[in-house]
Amino acid sequence: MPISHNRIQFSEFELSLDDDQLFRLGELIPLDDKPFQILRLLVENSGQIVLKDEIFDKVWPNTFVGDNNLTVAISQVRDALEDDSKSPTFIQTVRRKGYRFIAPVTVQSSNPETALNPDSEQIDRADEKERHTRRPFFWITAAVLTVFTILFLMVVWPGYRQDNQKEVERVVKESQLYESLVVYKDPSSFDEADLDKFWTTELAVNSNYDRSKIRQAAAKLAGEGNRYGDETKCEQFDFESVEVNANGDMAVVKTLEKWFIAIYGGDGKLIRNRTVGPYFVSYILRKIDGRWLIEKSNTGRTTSSPPKLAKAEATTEAAGGKQFFVRLTGEDFLSEIVHVKITGEGCPENNPCVIPNSALLKHAKLSDTVIENVPLTHSPGDFQIFLHNGESQASNPRTLTVK
């Protein structure tokens, strides 16, 4: 059975569940909402396996998210606790099932049960009767205020908060589409005043502010005679969290984004294509004169753990110059972001051949341990195959021989 508490201690850490905060030796450790909820759920069920489905149901209710969201959140929890997934002190991965919190916990409650003796109980009742007799209007007033507070919280506040959240999400997403799909497609016509639609004005010229970043990027593209092409697009834009403060005038947003960018030169020829992300972006917004505007943002790469590749074997004849199919088996394949790289004849180490995640999703069958029917066509020789989970480090390589 889950334990009940106000504070839970483990090792040098303490979870304060009254205000959803994590401390280490009295020092606040920043942790986003979803990772904190996961840590709380695991600690409350210390020693027990918490299934993935249970985590999804309680942390992302009525929302479809993939295993990658959970993996990233668990990684953030481990980072906060400085825990090693391979030799865990706190969070143990239970393969194919879920996670278990393995450290001893100490529960503290701010509301201990106390027993009264009969005499003190009679005195307390007498005092209580006298107080009610002397101050009836206090209780009436308190009751009225309580009713109005409940009505406000039930009727007014949810709508107010939801409206703010929707507007914040709109501003964040439209600003990024505007930056990449409007400003950088025609950087030579960049006008600083156009940014007033989505961004706050600068308090000073500082490269940490988004406006100066956009200004510099547009100037660089224009100076080189380059621009973004029409095929540039946003491939992923997920809101991980949106937090609006109690005053409704500041918001902190976290997104997971992925972009496809095509860069063209002044002669109209394609210079290069590249996929950026997926990566996390944190935004700070202010509500100024009734409008939500972005003050600044910070980008952080996802830190997915690398996959483990056990075998790479051809399932049809691997003949040079002909298409054949390969099965890849191992562990920790993140189907949403895993992709294949190959080195060998025609695929140099400094520029390996790549099978992107989009091609795998279209042509192969993926799970967390197997990728079936990977289509390949190569000349004869020995090839090294390895995997990445998004921006992760490479898996261990496996050799595939083409005859």
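Values in this document were obtained by computation on a predicted structure and should not be read as measured data.
- Few gaps surround NZ on Lys52; more than 12 heavy atoms of other groups in view lie less than 6.0 Å from it.
- Side-chain atoms of Thr89 and Asp84, non-hydrogen and from C-beta on, never get closer than 4.5 Å to each other.
- A donor-acceptor distance shorter than 3.5 angstrom exists from the side chain of Arg78 to the backbone of Ile91, with no hydrogens or angles considered.
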* Asked: Which is it for Asp249 and Arg286 under the salt bridge (Lys or Arg N to Asp or Glu O under 4.0 Å) test, yes or no, and what are the steps along the way?
  -> CA-CA 6 Å; Asp249 59 5; Arg286 304 279 181 183; 5.9 Å; no
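- A donor-acceptor contact under 3.5 angstrom links the side chains of Asn164 and Lys287, judged on distance only.
- Residue-environment remark: CG (Asp19) exceeds the threshold of 12 foreign heavy atoms within 6.0 Å.
- For the pair Ser175/Tyr178, no side-chain contact is recorded, criterion being any heavy-atom separation below 4.5 Å from C-beta on.
- Distance alone, capped at 3.5 Å, is enough to place a donor-acceptor pair between the Lys213 side chain and the Ser297 backbone.
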* To do: Go through Phe383 and His378 one step at a time and tell me if the side-chain contact (heavy atoms from CB on, under 4.5 Å) criterion holds.
  => CA-CA 9 Å; Phe383 294 86; His378 286 290; 3.6 Å; yes
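- Crowding of Glu349 atom CD: a count of heavy atoms from other residues, nucleotides or ligands under 6.0 Å not exceeding 12.
- Judged by distance alone, with hydrogens and angles left aside, the side-chain atoms of Asp191 form a donor-acceptor pair with the main-chain N or O of Ala193 at under 3.5 Å.
- The aromatic rings of Trp60 and Phe56 sit tilted, their planes meeting at an angle between 30° and 60°.
- Between the side chain of Asp238 and the backbone N or O of Glu240, no donor-acceptor pair lies under 3.5 Å.
- For Lys254 (side chain) and Phe239 (main-chain N/O), no donor-acceptor pair under 3.5 Å exists by modelled atom type.
- A 4.5 Å side-chain heavy-atom check between Tyr264 and Glu231 finds at least one atom pair inside the cut-off.
- Around CD of Glu372, the count of heavy atoms belonging to other residues, nucleotides or ligands within 6.0 Å exceeds 12.
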* Asked: Run the salt bridge (Lys or Arg N to Asp or Glu O under 4.0 Å) check on Glu27 and Arg24 step by step: do they pass?
  -> CA-CA 5 Å; Glu27 180 181 352; Arg24 182 177 187 177; over 6 Å; no
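- A donor-acceptor contact shorter than 3.5 Å is absent between the side chain of Ser46 and the backbone of Val43.
- Taking 4.5 Å as the limit, some side-chain heavy atom of Leu17 sits within range of a side-chain heavy atom of Arg40.
- Residue Gly248 comes nearest to Trp292 through the heavy atom pair O-CZ2, 3.5 Å, listed as atom of the first residue, atom of the second, then distance.
- In this structure, a donor-acceptor pair under 3.5 Å is absent between the side chains of Thr275 and Glu235.
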* salt bridge (Lys or Arg N to Asp or Glu O under 4.0 Å) assessment of Lys403 paired with Asp382 -> CA-CA 9 Å; Lys403 298 179 179 180; Asp382 290 334; over 6 Å; no
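- Residues Leu177 and Cys234 form a side-chain contact, since some pair of their non-hydrogen atoms from C-beta on lies under 4.5 Å apart.
- Of the N and O atoms on the side chains of Asp33 and Ser241, not one donor lies less than 3.5 Å from an acceptor on the other residue.
- Using a 4.5 Å heavy-atom threshold, the side chains of Tyr184 and Arg227 count as separate.
- Remark: side-chain polar atoms of Thr316 are paired, donor with acceptor, to backbone N or O of Phe325 under 3.5 angstrom.
- Side-chain atoms of Ser395 do not come within 3.5 Å of backbone N or O of Lys308 as any donor-acceptor pair.
- For the residue pair Asn245/Glu243, the side-chain donor-acceptor check at 3.5 Å is not satisfied.
- Residues Thr315 and Val326 have side chains not in contact (no heavy-atom distance under 4.5 Å, counting atoms from C-beta outward).
- In this model, a donor atom of one side chain and an acceptor atom of the other lie less than 3.5 Å apart for Asp186 and Ser188.
- Under 3.5 Å, the side chains of Thr200 and Arg291 contain no donor-acceptor pair of N or O atoms.
- Remark: aromatic rings of Phe101 and Phe10 are close, center separation under 6.0 Å.
- Looking only at side-chain heavy atoms (C-beta outward), Phe324 and Leu376 come within less than 4.5 Å of each other.
- Ring-plane geometry between Phe90 and Phe13 is classed as perpendicular, the angle between the planes exceeding 60 degrees on a 0 to 90 degree scale with a lower cut at 30.
- Under the 4.0 Å criterion applied to side-chain N and carboxylate O atoms, Glu169 and Lys173 are not assigned as salt-bridge partners.
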